[in-house]
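What follows is a set of notes on a single structure, which appears directly below.
Residue numbers count from 1 along this sequence. Keep in mind that what you see is a predicted model, and the values were worked out from it rather than measured. For the numbers below, each heavy atom of this structure counts, side chains included, while hydrogens, waters and symmetry mates do not.
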Amino acid sequence: MGTPEDDPHALATGRIGVASVSFFGLAAAAPVVTLITLVPVSLAAGSGPLVPLSFAALAVLLVLFCGGYAAMIRRLPSAGAAYTHVARGLGRPAGLAAAWLALAGYQAIQFGLYALAGAAATPLARSWFERAGAEWTVPWWAGAAACWALVALLGTMRIEVAAGVVGLLAVAEAAVLVGVGASNLLQPAGGRITAESIRVDALTIDRPMLGLLLAAGVLAFAGFESAGVYAEETLRPRRTAGFGAYGAAVLIALLLGGLSWSMIVAAGPDRITAVAGARGDDLLFALAGERLLPWAVTTARVILVAGVLAGVLALHHAMARHLHAMGREGVLPSVLAGTGRRTGAPRAASLTQTLVVGAALAGACAAGADPGPVTARWMILGGALSILLLLLVTALAALLHLNRAPGGESAWGRFISPLLSTVSLGSLVYLAFRDLPEILGLPAGYPLVRAVPAAIGGCVVLGLAHAALVRWRWPERYAGIGLCGTAVVVTPYPKIPEQRTPGAHRPERVDF
């Protein structure tokens, strides 16, 4: 790969390390969003200690996934990440289907985060204005627009600048969450931490509930796999991104598992169901308000907005690099492959993504939409389902590609890890779509319950149709899918000359 100075389509190399990649993955998963949307619902349903234990089990599953994922990154360090891996493992049509699944899933999660940012910023701004003696009301779109402006600014900067901002926000988010969790553990209900807060009787486990928890819980990790899109820009392209994916999975599991357990300890194992049902999305802050000073609770609410901003920024960079990879290979307009001469960032793809989101937010505002936390939750979970399916096809692609052409990988990274993760993720995909109404919190016949699978199926059909069009119209571009922009030479079949009638060039010798 060239440098931005001699190749206008090359990303900057050697810019970020393992910690930055891990923070990008952590921010994209937005753990604070899961703690205020998914965890209270699960605790209110009577899951209790199964919630933190399910996060621990899912962390093991996703570490299994990282084994094959890291091996694929070592072979194919590409900004396309899963798109490139699936194209090499399952074929070019599947690769384009995976690309559209990734773009649609990240976009839906990002729109949900924008809605959540607006909903979270409104009460904070109102309280600040009230303290100043003003009674101004801040609409949801103002908070979303502020996030959009910051993301638009940082999206075209050098990757290390964006990594620094994301890292700062992610560390602040993690530090505040750890502080809230520590206050819950230091002041447990009843004055002591009991074994019932983590003990589960195997004979009384509700298996349908456990399946629902695992299926819904894995959606909380959606975004950690985006660590692979930074492989070309890392210090060690074939290793750093893989280690970053491991780090992101472990950090997310520790935060989600630890905080959900601390909520059980704070409310009491025998009262957590009732408390979660009464408090709902405000459970995390309500428990903190009983133990911390008001300013500390306000800081936690500010960190919610900061965590959402970090998630939006991380997803923006992931989508920009997917668009850049597709533009570089010619399956999307080649203008998307352009990078900044000084920054080495995918400027054209980033600006395109900014314009798309800006148009969507403007359209929602003009239509009078007022999305709240429930709408944001639906969008985030719908997008996460698309990413869950992407994880499954990526694990399967790793299993096939790594064993079709064995390299220097061990049996663990080449076969055992991809096989176990494929089976596990396949089971979770089945459970997720089977229990989709319960995950979304909607009746089985609700239109949105049918719309989510239809939209995901539409992305797959779009990818397959896109591949067919490229193959028919631009065969040389089709041949380059999954090759990270490497030049491809397509040699046409030689044309066999038609046989001539003997003497046809001398009409006088032809018999009629």
Side-chain angles (χ1 to χ4, degrees), residues 28-31 33-66 82 101-102 104-106 108-109 112 200 202 205-225 249 252-253 255-257 259-260 276 374 376-396 420-446 448-457 459-460:
V33 175
T34 300
L35 290 170
I36 67 171
T37 57
L38 182 61
V39 170
V41 173
S42 301
L43 292 175
S47 302
L50 283 176
V51 176
L53 291 176
S54 66
F55 286 130
L58 291 170
V60 174
L61 185 156
L62 294 175
V63 166
L64 288 177
F65 168 81
C66 288
L101 276 175
Y106 290 146
I109 296 173
V200 175
I205 292 180
D206 186 348
R207 286 177 174 79
M209 175 63 72
L210 179 59
L212 178 61
L213 272 178
L214 291 174
V218 74
L219 304 181
F221 289 80
F224 90 98
E225 78 295 332
I252 295 167
L255 285 175
L256 296 182
L259 265 294
S260 57
V374 176
R377 179 172 177 267
W378 289 341
M379 298 183 72
I380 292 171
L381 288 175
L385 278 171
S386 179
I387 302 303
L388 176 58
L389 185 58
L390 178 68
L391 293 179
L392 172 60
V393 296
T394 303
L396 181 58
L420 293 178
S421 59
T422 298
V423 174
S424 302
L425 288 168
S427 301
L428 290 175
V429 167
Y430 166 74
L431 292 173
F433 282 95
R434 187 196 68 180
D435 299 327
L436 185 57
E438 289 79 8
I439 291 175
L440 296 176
L442 296 170
Y446 200 80
L448 184 62
V449 176
R450 295 191 296 268
V452 170
I456 294 175
C459 291
V460 174

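Atom OG1 of Thr34 and atom CZ of Arg377 lie 10.5 Å apart (nearest 0.5 Å). Distance OG/Ser424 to CG/Leu214: 10.0 Å, rounded to 0.5 Å. The CH2 atom of Trp378 lies 15.0 Å from the CD1 atom of Ile439; values are rounded to the nearest 0.5 Å. A distance of 9.0 Å separates CG in Leu428 from CG in Leu219, rounded to the nearest 0.5 Å. With values rounded to the nearest 0.5 angstrom, Leu256 atom CG is found 9.0 Å from Leu38 atom CG.
For Ala108 against Gly383, the heavy-atom pair with the smallest separation is CB-CA, 3.8 Å. Of all non-hydrogen atoms in Ser260 and Val39, the two that sit nearest each other are CB-CG1, 4.0 Å. The shortest heavy-atom contact between Ile456 and Gly382 is CD1-O, 4.4 Å.
Side chain of Ser427 to backbone of Val423: a donor-acceptor contact under 3.5 angstrom is found. Under a 3.5 Å cut-off, the side chain of Ser386 and the backbone N or O of Leu101 do form a donor-acceptor pair.
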Solution key, residues 44-63 side-chain donor-acceptor pairs under 3.5 Å, sequence neighbours excluded:
unit_1, atom_1, unit_2, atom_2, d
Ser47, OG, Ser42, O, 3.0
Ser54, OG, Leu50, O, 3.2
Ser54, OG, Val51, O, 2.6

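For the pair Ile380/Thr37, no side-chain contact is recorded, criterion being any heavy-atom separation below 4.5 Å from C-beta on. Contact annotation: the side chain of Glu225 never approaches that of Thr394 to less than 4.5 Å [non-hydrogen atoms, C-beta and beyond]. Contact of the Leu440 side chain with the Tyr446 side chain is not registered, since no non-hydrogen atoms from C-beta on lie closer than 4.5 Å.
The aromatic rings of Phe65 and Phe224 sit perpendicular, their planes meeting at an angle over 60°, well past the 30° parallel limit.
Residues that satisfy the ring-ring contact (aromatic ring centres under 6.0 Å, His included) test with Phe221, not counting sequence neighbours, are absent from this structure. Partners of Leu392 under the side-chain contact (heavy atoms from CB on, under 4.5 Å) rule, at least two apart in sequence or in another chain, are Leu389, Thr422, Leu425, Val429. With sequence neighbours excluded, the residues that form a side-chain contact (heavy atoms from CB on, under 4.5 Å) with Pro40 are Leu283. Under the rule for a side-chain contact (heavy atoms from CB on, under 4.5 Å), the partners of Ala222 that lie at least two apart in sequence or sit in another chain are Ile109, Ala384, Ile387. Taking Ala29 as the reference, Ile252 meet the side-chain contact (heavy atoms from CB on, under 4.5 Å) condition, with sequence neighbours excluded.
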